Amino acid sequence: MKYFALIPAAGVGARMAVGYPKQYLPLLGRPMLRHTVEAFLRSPLIEHTYVVVSAGDAYVADVLPDDLEGVTVLRCGGATRMESIRNGLRLLAEAIGAQDRVLVHDAARPGLTPAMIGKLVAEAGAEAAGGLLALPVVDTVKSTRGGSVATTPRDGLWLAQTPQMFPCALLRRALEEAPDPDAITDDASAVELLGYSPRLVEGHPRNLKVTLPADVRIAEMYLSMDITQ
Ligand code: C5P
């Protein structure tokens with residue numbers, strides 16, 4: 001069984017509002033996408049890394065040059081995250097075997113480390129339903145659905161991170177059969193719709209998703225610290 005990384009990086013990052021896709025934002029002087037890819041390049045477990053960008057992406061060639069070993073850029077991004085991943089998997093039909101594991105990881109999570117990849121593979125690599133990094137909820141959770149404020153017990157609640165790892169055939173089927181691409185904000189939810197229960201493996205706060213301008217400084221703080229976990 002081999003492990004492959006698939007990084008969707010075809011979003012525009014509208015909430016970051018920097019005038020170009022947020023995955024190219026410099027963090028400690030290096031583009032976010034490069035930090036993200038490095039975690040996989042430094043992991044001895046990963047056979048190869050594939051990065052999905054949009055067809056007209058004008059930045060990726062500088063960040064991931066053609067002669068960078070271990071990574072291939074696929075210019076097949078779609079209108080949603082789910083479609084970008086689905087398009088990538090279609091192109092990789094020959095390259096990745098049905099039982100090989102695919103680790104899908106957001107370009108916008110540059111804090112990932114090889115140690116976290118190792119933990120996910122060690123704890124969920126053999127699971128037929130796959131697994132994902134996630135954080136137990138520590139805050140009290142409030143809901144305003146239905147108009148009035150209500151409190152949801154936090155025990156048993158987790159915040160999903162990436163990588164999310166699945167047997168390639170299962171992930172492919174889940175994304176091909178997902179009823180609504182816009183409703184699928186992570187891969188595990190598509191797999192759950194098929195009746196599978198992926199394993200949750202505790203991640204780390206440094207694997208945050210850089211979404212809003214204020215997240216940039218937090219990501220840089222973690223990147224400057226030597227936390228390998
Ligand atoms: O926008 P958000 O942070 O939720 O995006 C998560 C990941 O999905 C990012 O790495 C983004 O580049 C990617 N994405 C994509 N294709 C899209 C939309 C988002 O690859 N159409």
Side-chain angles (χ1 to χ4, degrees), residues 4-27 30-41 46 49-64 71-92 102-113 116-117 120 132-135 158-166 171-172 174-176 178 180-191 203 205-220 222-223:
F4 294 89
L6 181 59
I7 302 178
V12 292
R15 285 169 290 184
M16 187 62 70
V18 281
Y20 54 92
K22 70 175 170 184
Q23 55 271 27
Y24 299 114
L25 200 71
L27 299 176
R30 253 183 151 188
M32 187 187 312
L33 177 60
R34 185 64 192 246
H35 286 282
T36 306
V37 167
E38 286 295 333
F40 292 101
L41 294 182
I46 301 298
T49 297
Y50 296 95
V51 178
V52 176
V53 300
S54 57
D57 188 305
Y59 306 92
V60 73
D62 288 335
V63 178
L64 303 173
V71 55
T72 302
V73 174
L74 307 173
R75 292 184 170 273
C76 62
T80 63
R81 178 187 184 279
M82 200 201 94
E83 283 169 331
S84 295
I85 296 163
R86 202 170 58 185
N87 293 349
L89 288 175
R90 283 179 184 159
L91 282 183
L92 297 170
V102 179
L103 285 79
V104 182
H105 182 67
D106 288 332
R109 292 187 186 271
L112 185 70
T113 61
M116 286 184 217
I117 295 169
L120 177 65
L132 58 142
L133 293 183
L135 285 181
W158 295 70
L159 301 172
Q161 298 187 331
T162 65
Q164 303 199 347
M165 173 181 62
F166 306 96
L171 178 61
R172 206 172 260 148
L175 298 185
E176 294 290 350
D180 175 8
D182 284 322
I184 301 289
T185 54
D186 77 340
D187 314 283
S189 53
V191 168
R206 68 168 279 145
N207 189 27
L208 79 157
K209 187 164 79 164
V210 180
T211 306
L212 301 170
D215 299 331
V216 172
R217 297 295 299 277
I218 300 169
E220 288 189 317
Y222 279 122
L223 288 169

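Remember, it's 1-based here, ligands and their atoms both numbered in the order they're listed. Only a predicted model underlies this, so the values are computations on that prediction, with no experimental measurement involved.
Nearest to atom 8 (O) of ligand 1 among the protein's heavy atoms is R81 CG, 3.4 Å. Looking only at heavy atoms of the protein, atom 7 (C) of ligand 1 is closest to D106 OD1, 3.3 Å. Here the protein heavy atom with the shortest distance to atom 3 (O) of ligand 1 is K22 NZ, 2.8 Å. The closest protein non-hydrogen atom to atom 5 (O) of ligand 1 is K209 NZ, 4.6 Å. The nearest protein atom to atom 9 (C) of ligand 1, hydrogens excluded, is given as P8 O, 3.7 Å; this is a heavy-atom distance. At the shortest separation from atom 20 (O) of ligand 1 among protein heavy atoms lies A10 N, 2.9 Å.
Close N/O approach between S84 and ligand 1 is found [any backbone or side-chain N/O within under 3.5 Å]. Considering backbone and side-chain atoms together, G78 places an N or O closer than 3.5 Å to an N or O of ligand 1.
Taking only non-hydrogen atoms, the option from A9, G11, G77, S54 nearest to atom 19 (C) of ligand 1 is G11.
Classification of R81 and D187 as a salt-bridged pair holds, one side-chain N sitting under 4.0 Å from a carboxylate O. Between R172 and E176 there is no salt bridge, since no side-chain N of the basic residue sits under 4.0 Å from a carboxylate O of the acidic one. Between D215 and K209 there is no salt bridge, since no side-chain N of the basic residue sits under 4.0 Å from a carboxylate O of the acidic one.
When side chains are defined from C-beta on, M165 does not count as touching L132, because their heavy atoms never get closer than 4.5 Å. For the pair L175 and M82, the minimum side-chain heavy-atom distance is below 4.5 Å.
Closest of all the heavy-atom pairs between V53 and A10 is C-CB, 3.8 Å. Summarising the geometry of G111 relative to M116, their closest heavy-atom pair is O-CE, 3.8 Å, with the distance given to 0.1 Å. For the residue pair K22 and T211, the shortest heavy atom distance occurs at NZ-CA, 3.8 Å. Here the closest non-hydrogen pair linking V60 and D57 is N-OD1, 2.9 Å. Among all heavy-atom pairs drawn from P8 and D106, the shortest one is CG-OD1, 3.9 Å.
Interface atoms of ligand 1 facing A108, defined by a heavy-atom separation under 4.0 Å, are 10 (O). Distances below 4.0 Å separate heavy atoms of A107 from the following atoms of ligand 1: 10 (O). Taking every non-hydrogen atom of A79 and a distance limit under 4.0 Å, the qualifying atoms of ligand 1 come out as 21 (N).
Within a 4.0 Å radius of atom 1 (O) of ligand 1, the protein contributes at least one heavy atom.
Contact between R109 and ligand 1 is absent, with no heavy atom of the residue lying under 4.0 Å from the ligand. For the ligand labelled ligand 1, residue R15 lies inside the 4.0 Å heavy-atom shell. Within the 4.0 Å heavy-atom shell around ligand 1 one finds T80.
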